[in-house]
Amino acid sequence: MKRILVGIKRVVDYNVRIRVKPDNTGVITDGVKMSVNPFDEIALEEALRIKERGGAEEVVVATVGPADTQAQLRTALAMGADRALHVQADGIIEPLTAARTLLKLVEKEQPFLVILGKQAIDDDNGQTGQVLAALWNRPQATYASKIELTDTTARVTREVDAGLETIEVDLPAVITTDLRLNEPRYVKLPDIMKAKKKPLETLQLAALGIEPRQQLKLARFEPPPQRQKGIRVKDAAELVEALKKKGLL
Amino acid sequence: MSAKILIVAEHDGKKLNVSTAKCVTAARSLAGAEITVAVLAADCAAVAAQAAQLAGVGKVVTVDNPANEHALAAVYAPQVVALAAPYTHLFGPSTTFGKDLMPRVAGLLGAPQISDIMALESPTRFKRPIFAGNAILTVESSPEAKLVGTIRAASFEAAGTGGTAPIEKANVSVELPKHTRWISVSAAKSDRPDLQTAARVISGGRALGSADGFKILYSLADKIGAAVGASRAAVDAGYAPNEMQVGQTGKIIAPELYMAVGISGAIQHLTGIKDARTIVAINKDGEAPIFEVADFGLVGDLFQVIPEIERLLAKG
Ligand SMILES: Cc1cc2nc3c(=O)[nH]c(=O)nc-3n(C[C@H](O)[C@H](O)[C@H](O)COP(=O)(O)OP(=O)(O)OC[C@H]3O[C@@H](n4cnc5c(N)ncnc54)[C@H](O)[C@@H]3O)c2cc1C
Ligand SMILES: Nc1ncnc2c1ncn2[C@@H]1O[C@H](COP(=O)(O)O)[C@@H](O)[C@H]1O
């Protein structure tokens, strides 16, 4: 079966203004809205479009995380994914562990394409896709803003600092999404009902042979330094004057 | 533990990218660090010579290979791994080049990576922004493991020149994958300064209304020698090309002067300009969040204010 695997990470919603815990041990997540990582929504949307064009037969979404993450998998199923895999794991999942786990799912599901987000907007690591591609010994095409598939290759336009770069990779491959790849669809109420009946399989990390090794210690969380309060100028003349005085113009 | 650091150079085949000089400065903040720069290219000579001049660099190693003409992460990574053995730290810049490559290196090594390092407090203690810069995390690595990292360029000045490091050809014989092929790159050519290194940047938002609307910014920018940037909303609407985007998912910049014109100041945008020395906001909505971070705020219609500033400057 021609299958696409999509990684889904549960993150603090991008509209939430996060705050650091007073004891500096983390950020406050109690009562905070959680969502599918926006880049993963884009990844799923792309997979669904490929399937709708006849380029794939099945879209499988997967997450590695605590029981709560099933809510985001249900959202993904409501968006249109066919099945979901939840690898139960508590605590901090470093990119290497996430990638090792996703590799086990790749071996099990044999997708021709894995699409992940370019970064999770909580840890902002931006590593998992590249690490997975390395472990799998397959190509990576990061920061995709356009994907054109043939039976054996993907031609991917990438958003790089210089502009837009195009590379061609053999399949199977890992692609990570940038914002302009597509605009994800909205989930409609009947789809949420339907999603409740779609298959969601729970797996255990240990059963997959993964030991969640934490190699980095998250020692301290701090709020960023605040900028000093500025001043209002009344018009262009006053602005130009002020900037000239500071030697900026 | 004294650090032995390998920095993977970013370049275009002829010129060393300034991001490499910033990585050198970052590495130098670890006292006693031995710093080596690795140049991978089809022909390394020109770039290696520039790297050898960076103050603080102890050695430059080169890997010439026609396969290295374009920086494909899948092709570079096994070569970087082949060089990695003597080093405690492997660093690359937090540009799309380094962000693509270094995690692949980390994956091949099974090593941990710390992304977007903004401060190095010791060989095993680092600071980095998370949640789009809304929190700063101190991360500790173990001295036993090799550490891979990307260096947040906006947090460091470029290292100066004056160095005379020896250049050594490295013997790298690893099989390189053929599954990834470079096709092309399209970049909007412009004579304006580079967004990532410009001392002055003027950025426009959705309020500019069209690609044509941006012309008033280009005109002012050319007058003051500024680079032009854009918010994501402006890029998404097609008013500006994607390489102009500033923010969490665009470029992170640290100019002396940043002018945000018709930009509301969403957190994802502010992430990109936190290190700007002076921020100017021009917005017709006095409540726009951009004013919370602006050193100078002007409430007004940009289509009047910007031409007015240009006229005032023309007068001298
Ligand atoms: C995962 C994710 C990543 C993102 N990454 C980025 C990023 O890297 N960079 C980024 O910029 N955004 C990013 N965004 C988008 C961000 O959330 C905002 O939507 C975006 O920055 C808004 O752009 P804007 O300020 O131009 O538009 P708007 O928010 O629409 O603001 C337009 C502003 O122009 C003002 N205005 C209108 N007319 C005039 C006039 N005539 N004169 C003066 N002022 C006027 C208005 O008062 C308003 O404040 C990201 C979003 C997500 C979800
Ligand atoms: N625990 C996880 N479960 C599923 N997918 C993940 C997980 N962590 C990361 N990913 C995927 O990898 C991408 C990049 O994450 P990161 O490397 O953490 O920035 C995310 O957008 C997801 O697609």
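Numbers restart at 1 for each chain; the letters A, B, ... are given by sequence-line order, proteins then strands.
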Minimum heavy-atom distance between B:Ser141 and A:Leu216, given as atom pair plus value
CB-CD2, 3.7 Å
Part of A:Ala99 lying under 4.5 Å from any heavy atom of chain B
neither
If you count heavy-atom pairs under 4.5 Å with chain B, which of A:Pro225, A:Ala134, A:Gly230 comes out on top?
A:Ala134
Given the options A:Asp178, A:Val20, A:Val27, which has more heavy-atom pairs under 4.5 Å with chain B than any of the others?
A:Val27
Taking all atoms of both residues into account, what is the closest heavy-atom pair of A:Gly163 and B:Glu243, and its distance?
CA-OE1, 3.5 Å
Anything in residues 288-301 of chain B with a heavy-atom distance to chain A below 4.5 Å? Please list those residues in order.
B:Phe291, B:Val293, B:Ala294, B:Asp295, B:Phe296, B:Gly297, B:Leu298, B:Val299
Non-hydrogen atoms of chain A under 4.5 Å away: do they reach the side chain of B:Lys127, the backbone, both or neither?
side chain
Checking heavy atoms, do the side chain of A:Phe221, its backbone, both or neither come under 4.5 Å from chain B?
both
Leading residue by heavy atom contact count with chain A [cutoff under 4.5 Å; candidates B:Val105, B:Thr138, B:Asn134]:
B:Thr138
Kindly indicate whether the side chain of A:Glu165, heavy atoms from C-beta on, has any atom under 4.5 Å from the side chain of B:Thr96.
no
Select one option (side chain, backbone, both, neither) describing which atoms of B:Arg311 are under 4.5 Å from chain A's heavy atoms.
neither
Crowding at NZ, B:Lys15 (>12 non-hydrogen neighbours, <6.0 Å)
no
Could you grab the distance from atom CG of A:Asn125 to atom CD1 of B:Ile130, nearest 0.5 Å is fine?
9.0 Å
Leading residue by heavy atom contact count with chain B [cutoff under 4.5 Å; candidates A:Asp235, A:Ile231, A:Thr142]
A:Ile231
Under 4.5 Å from a heavy atom of chain B, the part of A:Val16 involved:
backbone
B:Thr95 backbone acceptor or donor facing A:Asp161 side chain under 3.5 Å
no
Hey, what do you get for CD1 (B:Ile114) to CD (A:Gln215), rounding to the nearest 0.5 Å?
10.5 Å
Is the number of heavy atoms from other residues, nucleotides or ligands under 6.0 Å of A:Glu241 CD greater than 12?
no
Measuring heavy-atom distances to chain A, does B:Arg200 have an atom under 4.5 Å in its side chain, in its backbone, in both, or in neither?
side chain
May I ask you to name which of B:Val305, B:Ile306, B:Val235 has the most heavy-atom pairs under 4.5 Å with chain A?
B:Val235
CD/B:Glu140 to CG/A:Leu218 distance, rounded to the nearest 0.5 angstrom?
9.5 Å
Which answer fits B:Gln268, side chain, backbone, both or neither, if we ask what part of it has an atom under 4.5 Å from a heavy atom of chain A?
side chain
Counting N and O atoms only, with roles assigned by atom type, does the side chain of B:Arg128 sit under 3.5 Å from a partner on the main chain of A:Asp124, one being a donor and the other an acceptor?
yes
Quick one: pull up CD in A:Glu159 and OG1 in B:Thr249 and give me the separation to the nearest 0.5 Å.
8.0 Å
side-chain contact (heavy atoms from CB on, under 4.5 Å) for B:Arg181 and A:Thr153? Distances and angles first, verdict last.
CA-CA 10 Å; B:Arg181 294 167 293 276; A:Thr153 64; 3.9 Å; yes
Non-hydrogen atoms of chain B under 4.5 Å away: do they reach the side chain of A:Lys234, the backbone, both or neither?
backbone
Between B:Asp100 and A:Gln140, is there a side-chain heavy-atom distance shorter than 4.5 Å?
yes
In Å, rounded to the nearest 0.5 Å, how long is the span from CG of A:Leu135 to CG of B:Leu108?
7.5 Å
Heavy-atom distance under 4.5 Å to chain A: side chain of B:Pro241, backbone, both or neither?
neither
Taking the side chain as C-beta and beyond, is there a heavy-atom pair between A:Lys217 and B:Val139 under 4.5 Å?
no
Which pair of non-hydrogen atoms, one from A:Pro224 and one from B:Ile136, has the smallest distance, and what is that distance?
CA-CG1, 3.8 Å
For A:Val233, is it the side chain, the backbone, both, or neither that has a heavy atom closer than 4.5 Å to a heavy atom of chain B?
both
Which answer fits B:Ala111, side chain, backbone, both or neither, if we ask what part of it has an atom under 4.5 Å from a heavy atom of chain A?
backbone
Contact between A:Ile167 and B:Leu72 at the side-chain level, heavy atoms closer than 4.5 Å - yes or no?
yes
What part of B:Val280 gets within 4.5 angstrom of chain A, counting heavy atoms only: side chain, backbone, both, or neither?
side chain
Identify which part of B:Asp236 has an atom lying under 4.5 Å from any heavy atom of chain A, answering side chain, backbone, both or neither.
both
Using a cut-off of under 4.5 Å on heavy-atom pairs, state which of B:Ala135, B:Pro177, B:Ala187, B:Pro78 scores highest against chain A.
B:Ala135
Where is the tightest heavy-atom contact between B:Pro103 and A:Gln130, given as atom of each residue plus distance?
CB-CB, 3.5 Å
Which region of B:Leu313, side chain (C-beta onward) or backbone (N, CA, C, O), has a non-hydrogen atom less than 4.5 Å from a non-hydrogen atom of chain A, or is it both or neither?
side chain
Taking all non-hydrogen atoms of both residues, which atom of A:Arg17 and which atom of B:Ile267 are closest, and how far apart?
NH2-CG2, 3.8 Å
Closest non-hydrogen atom pair, B:Arg104 against A:Pro139:
NH1-C, 4.0 Å
side-chain contact (heavy atoms from CB on, under 4.5 Å) assessment of A:Arg180 paired with B:Asn242:
CA-CA 9 Å; A:Arg180 268 171 287 280; B:Asn242 92 81; 3.7 Å; yes
With a 4.5 Å limit on heavy-atom distance, are the side chains of A:Arg227 and B:Lys274 in contact?
no
Give, as side chain, backbone, both or neither, the part of A:Tyr14 having an atom under 4.5 angstrom from any heavy atom of chain B.
both
Rounded at 0.5 Å granularity, tell me how far CZ in A:Arg155 sits from OG in B:Ser184.
7.5 Å
Within a reach of under 6.0 Å around NZ of A:Lys108, are more than 12 heavy atoms found that belong to other residues, nucleotides or ligands?
yes
Are B:Ile224 and A:Leu249 side-chain neighbours, meaning at least one heavy-atom pair lies under 4.5 Å?
yes
Check the surroundings of atom NZ in A:Lys2: do more than 12 heavy atoms from other residues, nucleotides or ligands lie under 6.0 Å from it?
yes
Kindly determine whether A:Leu239 and B:Ile282 satisfy side-chain contact (heavy atoms from CB on, under 4.5 Å), including the steps that lead there.
CA-CA 10 Å; A:Leu239 178 61; B:Ile282 298 168; 4.1 Å; yes
Does atom CG (A:Asp151) have a neighbourhood of more than 12 heavy atoms from anything else shown, all under 6.0 Å?
no
Using heavy-atom distances under 4.5 Å, tell me whether A:Gln226 contacts chain B through its side chain, its backbone, both, or neither.
neither
Do the non-hydrogen side-chain atoms of A:Gln127 and B:Lys99 ever get within less than 4.5 Å of each other?
no
Residue pair B:Leu137 / A:Asp123, side-chain heavy-atom distance below 4.5 Å:
no
Tell me if the CD atom of A:Glu183 is crowded by more than 12 foreign heavy atoms within 6.0 Å.
no
Is chain B contacted by the side chain of A:Arg19, its backbone, both, or neither, given a heavy-atom distance below 4.5 Å?
neither
For A:Leu243 and B:Leu257, run side-chain contact (heavy atoms from CB on, under 4.5 Å): C-alpha distance rounded to whole Å, both residues' side-chain angles, the deciding distance at 0.1 Å, then the answer.
CA-CA 9 Å; A:Leu243 294 179; B:Leu257 173 64; 4.0 Å; yes
